[in-house]
J.: 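Got a structure here, written out as structure tokens. Questions coming.
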Amino acid sequence: MARRNISSGTPWEPVVGYSRAVRVGPLVVVAGTTATDAAGVLVGAGDAYAQTVQTLANVRAALERAGARLEDVVRTRIYVTDFEHWREVARAHAEVFGTIRPATTMVEVSRLVLPEMLVEIEADAWVEGPE
């Protein structure tokens, strides 16, 4: 099976040596994604809900570039820097995945790449049919 790397164009990808998403056959894996806009600027500073909404929009864009849809997501992993924000993060996640219901995990971490970032999300999808 061919491997396809999908880039978002953020400045961190070449520095760290990763892709926003990778597709191999029916499997699409989206790397840890944060609430940055197309220019790499953080959206929703200090607002966990707004950051989660932007993060999930970025996840959706990566999935689509890989030929997948939100409905194909089978697992998400949510990293929050303060578990006090879990309700806002969960609300935004449920707005996107409430009927899809992928397996998910939410854990608290000490910090993300920028101190202002409150949430990071990974997603795995399984796409039926040809690429």
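Note that the coordinates shown come from a computational prediction; the quantities given were computed from them, not determined experimentally. Along the sequence shown, residues carry numbers from 1.
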J.: Same cluster or not: are Trp126 and Phe97 linked, directly or through other Ile, Leu, Val, Met, Phe, Trp or Tyr residues, by side-chain heavy atoms under 4.5 angstrom apart?
T.: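 Not linked; separate clusters.
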
J.: Between Val28 and Val127, is there a side-chain heavy-atom distance shorter than 4.5 Å?
T.: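 Val127 vs Val28: side chains touch.
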
J.: Show, in sequence, the C-alpha distance, side-chain angles and deciding distance for Arg4 and Ser19, and conclude whether the side-chain hydrogen bond (donor to acceptor under 3.5 Å, both in side chains) test is met.
T.: CA-CA 10 Å; Arg4 187 161 55 111; Ser19 297; over 6 Å; no

J.: Working to the nearest 0.5 angstrom, can you tell me the gap between Glu71 CD and Ile100 CD1?
T.: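 Rounded to the nearest 0.5 Å, the CD-CD1 separation comes out at 4.5 Å.
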
J.: Do Thr36 side-chain atoms and Leu42 backbone N/O form a donor-acceptor pair below 3.5 Å?
T.: no

J.: Any side-chain heavy atom of Leu56 within less than 4.5 Å of one from Asn58?
T.: no

J.: How far apart are the closest heavy atoms of Arg111 and Pro115, and which atoms are they?
T.: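 It is NH2-CD, 3.2 Å.
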
J.: Between Gln51 and Gly44 (side chain of the first, backbone of the second, donor and acceptor by atom type, cut-off under 3.5 Å), is there such a pair?
T.: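 Yes, the answer is positive, given that a donor and an acceptor are paired below the 3.5 Å cut-off.
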
J.: Do the side chain of Asp124 and the main chain of Leu27 share a donor and acceptor less than 3.5 angstrom apart?
T.: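 Not at all, since once roles are kept as given, no pair shorter than 3.5 Å links the two residues.
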
J.: Going by heavy atoms in the side chains, are Val113 and Thr34 under 4.5 Å from each other?
T.: no

J.: Please say which of Arg87, Gln54, Glu95 ends up in a side-chain hydrogen bond (donor to acceptor under 3.5 Å, both in side chains) with Tyr49.
T.: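 In the set Arg87, Gln54, Glu95, the residue that makes a side-chain hydrogen bond (donor to acceptor under 3.5 Å, both in side chains) with Tyr49 is Glu95.
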
J.: Is Thr33 reaching over with its side chain to a backbone N or O of Ala31, donor-acceptor style, under 3.5 angstrom?
T.: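 Looks like yes, one N/O pair under 3.5 Å.
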
J.: May I ask you to test the Leu63-Val73 pair for a side-chain heavy-atom distance under 4.5 Å?
T.: yes

J.: When you compare the side chains of Ser8 and Arg65, does any donor N or O come within less than 3.5 Å of an acceptor on the partner?
T.: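 The criterion, which ignores hydrogens and geometry beyond distance, is not satisfied for Arg65 and Ser8.
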
J.: For the residue pair His93 and Thr76, confirm or rule out a side-chain donor-acceptor distance under 3.5 Å.
T.: yes

J.: Taking all heavy atoms of Ala48 and all of His85, pick out the closest pair and write down the distance.
T.: CB-CB, 3.6 Å

J.: Following the transitive rule for hydrophobic clusters with a side-chain heavy-atom cut-off under 4.5 Å over Ile, Leu, Val, Met, Phe, Trp and Tyr, establish whether Ile78 and Val74 coincide in one cluster.
T.: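 Not linked; separate clusters.
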
J.: What is the minimum heavy-atom distance between Ile6 and Ala66, and which atoms define it?
T.: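 It is CD1-CB, 3.7 Å.
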
J.: Taking atom OG1 of Thr104 and atom CE of Met106, what is their separation to the nearest 0.5 Å?
T.: 7.0 Å

J.: Any non-hydrogen side-chain atom of Tyr79 less than 4.5 Å from a side-chain atom of Glu108?
T.: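 The answer is no; the side chains never approach within 4.5 Å.
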
J.: Would Leu114 end up clustered with Val43 when hydrophobic side chains under 4.5 Å apart are linked, directly or stepwise?
T.: no

J.: Would a single hydrophobic cluster contain both Tyr18 and Leu112, if residues Ile, Leu, Val, Met, Phe, Trp and Tyr are joined by side-chain heavy-atom contacts under 4.5 Å?
T.: yes

J.: I'd like to know if Val30 and Val89 are part of one continuous hydrophobic network [Ile/Leu/Val/Met/Phe/Trp/Tyr, side-chain heavy atoms within less than 4.5 Å].
T.: yes

J.: For a side chain to side chain contact (heavy atoms under 4.5 Å, CB included) check, start with the C-alpha distance between Thr52 and Arg91, then their side-chain angles and the critical distance, and finish with the verdict.
T.: CA-CA 9 Å; Thr52 306; Arg91 178 167 54 104; over 6 Å; no

J.: When you look at CZ of Arg60, are more than 12 heavy atoms from neighbouring residues, nucleotides or ligands closer to it than 6.0 Å?
T.: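 Atom CZ in Arg60 is not packed in, count stays at 12 or less.
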
J.: Treating Arg20 as the side-chain partner and Gly32 as the backbone partner, does any N or O pair qualify as donor plus acceptor under 3.5 Å?
T.: yes

J.: How are the rings of Trp86 and Phe83 set relative to one another: parallel (under 30°), tilted (30 to 60°) or perpendicular (over 60°)?
T.: parallel

